[in-house]
Amino acid sequence: MNKKKSSKESSNNKLPEDSLKKEDAEKFKEQEQLKKDLNQFKKEVLKKFDKYVLGICLLSKELPEELQNEFYKANKDLVNIFLLIDDSDSKKMTKEELNARITKIIIEVSSTVNKKFNAIPMLLSALQEACFDSKFDILKSIGMSLIIYDKGILGALKTSEIHKTMTVEKFEKYVLSYVAAGSLFRGDANPADIDVFIVIDDTDVKRMPRQELRTKLRAIIQNLGFSAAKIAGVEATFHVQTYILTDFWESLKDGNQVIFTLLRDGVPLFDRGVFLPWRLLLKSGRIKPSPEAIEFNMDIGERLLERTREKLLGILGEDLFYATLNPAQAALMLYGIPPTTPRETVKALDEIFVKKEKLLEKRYVDILERIRKYYKDIEHGKVKNVTGKEIDNILKDTEDYLRRIKKLFTQIEKRTDKEKLRNTYDICVSITRDALELEGFKFDSNKIEGSFKKAFIDKGIFPEKLLSILKELIKIKKEFDSKSKKVIKEEITKIVRQSNEYIRALVEYIERKRSYELNRVTIRFKYGDKIGEIVLLDKIAFIIDDIDKRDDISKADIANGRIINVVKSSLSEFEKVIKDAKIPARVFIQDTIFSDLKELFGSGVEILVNY
C-alpha cells in the first residue's frame, strides 16, 4: 500500500518538471521563429528601401507616447520594431509624402511576415524635431533597444543615451545640456565617429580653480564615454567635448566660430532650458560678438595677406581665402549678423552691403567669390600650379579688396558708434538717477557729477574712479553730439567698457539698498508649519503665504491701519510694484494688522522677530 502511494507521489512530482521542459521548448521554438521573421522582415525592407533605411531596432513592449500608433493602442502585446528613415536628400517628393509612402509599404511588409509585428518608421528629420521639442523618451527607448540593422546612427544614439544617463546621474543638476553635433543627424554622417558636447554649470563652484575643475570634468566624462561605448557594444570613436558654463559663455561673447557652429547645428539629447534659448537667440541675431572679436577678425586679413606673399601654392590659396573671408565676416558681425559659412558670407555680403545698404560695389563681392573658388579648386586638386602673373593679379585684387572692406568697416562704424554711445549714456544716467534718489537727492541732469560726488564719493560709498568714468562718459557724449572734436573709435570702445564697471557697481548698490529698505517694511509670521510675510508699502500691502514657494501671493489695500480688499496677485506684479515703489521711511504697525492676519491665517499666527 505504502509502496503504491510512494510510486504515485513520485509520478506526480515529475509532472511539473515535464511541463516546464515542454514550456521551455515552446518558448525556444517561438524565439527561433521570431528571429527568422525579423530577418525576413529586415531582408524585405532593405530590398525595397536600402537607400533610405538607416537602422532597425527592436523596442520594448512599453512605448513612449510619441511612438504609439493605433495598432499599438488596440493591442499592446506586439513586437515593436523601430525604423529610422533618411530623408536628408528627399527632392522628388515632400517629407510628408515620403513618410506616408514608406510607412504604408513597411506596414504591409510587417503584417505579411508576422501579424504581431508593429512597424514604426520615423524620418530622421522627425527624430531631430522631437529632440528640439524635448521629447527625449524616444531616445530612451532607442537606448534600451536591440539593434537589428544599423548604418551607424542607432549605435551612436544608443551610446550617447547610455553616456548621457551616466553623466546626468553622476553630476545631477550641474549638467545643463547634452548635445549631439549636427553631423550625427545627417544621413551621410560617418558611423565611425560619434560627436557630442556637454555644458556643465560651474557658477557656484568655489572649492577649486576653474582650470582644475575643467581638467577633472573632462577626464571623468571622457572615461564615462569609454564605458558607455563598451556597454553599447559600439566600435565607433566616441568624441566628447566638455565645456564649463563660464568658458562657453565667454566663447559665445567672443564670436568663437566653433561655439556658434555647435549652437547652430547641434541637436539636444538633454537640455535644462539652456541650449534651445541660446540657439533661438543666435538665429534671431540677439547674440552679438564683442568688439574685440570683431577687431580680431578684421586684423586677421591684413596679417595673412602679408604672409601669403612668401608661401607656396597650397598655403597661398588658404591664406588668401581667409584674408578675404575674415574681414567680410567682421563687417557682417559689426552690422549685427552672426558668423556665417564661407558660401553664406559671399551671399550675405552681396545682399546686405551691395543690394540693401548700397555701401559696397559688386566687384568686391566678385573678388571674394573668385578667391573662394580658387581656394576650393586648390583644396580639391583642380589647380596644381599657378603662374607668377596669376599670383600678382590675385594679390592685387586682395589688396584692393582689403582697402575697400576697411573703408566699409568705417562706414558701418559711423552708424553703430552713435547708437552704442547713446545707449551706454542713457543707461548710466538712468541708473545714476535711481541711486541718487535712494540717497534722498533730487535728480538734475545738469548737476549729475556734483550730486554723485556728494552722495557717494564724499561719503566713501564708491571710489573716485567711478566719478572719473562718469565725467569721461559725459564729456565724450557732448563732444560726439556737438562734433566739436572728432571722437575716435578707440575712445568710444574704452568708455563703453569702463561704463560697464560703473553700471555693475551702481546696480549692486541699488539692489543692496532696496533689499535693506524692503526688509524694514516686511513682517514675517508663522502659522502651522509655514512661514509667510507681509510687505507694507504706503497704501498697498503684499501677502506671501509661503516664503519657501512664493507661488501664492495676494495684495491688499491699507486704510486706517487695516488690511482690506485682499485679492489674488502674482510674483511678477509684486516685483514690478516693488521695483518702482517708494519705500516708506517709517512703518508703524497697529494691533489691527495683527487682527487681520489672524482672520486670514487663523488665531495661531505668530509674529517672527529678527528672522
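All values derive from a computational prediction rather than experimental measurement.
A donor and an acceptor atom, one from each side chain of Ser160 and Tyr178, are nowhere located under 3.5 Å apart.
Pairing each heavy atom of Ala455 with each of Phe441, the nearest pair is CB-CE1, 3.5 Å. The minimum heavy-atom distance between Val196 and Ala180, with the atom names listed, is CG1-CA, 4.1 Å. Considering every non-hydrogen atom in both Ala328 and Thr345, the closest pair reads CB-CG2, 3.7 Å. Closest heavy-atom contact between Ala435 and Ile510: N-CD1, 3.9 Å.
The shortest distance between side-chain heavy atoms of Ile221 and Phe171 falls below 4.5 Å. Under the 4.5 Å side-chain criterion, counting only non-hydrogen atoms from C-beta, Pro342 is in contact with Phe321. At a threshold of 4.5 Å between non-hydrogen side-chain atoms, the residues Glu501 and Lys465 count as touching.
When each of Ile474, Ile503, Leu506 is paired with Cys428, the side chain to side chain contact (heavy atoms under 4.5 Å, CB included) condition holds for Ile503 and for no other.
A cation-pi contact, defined as under 6.0 Å to the ring centre and within 45° of the axis, links Lys477 to Tyr425. Relative to the ring axis of Phe601, Lys530 does not place its NZ or CZ within 45° and under 6.0 Å from the centre.
With ring centers used as reference points, Tyr364 lies 6.0 Å or more from Phe353.
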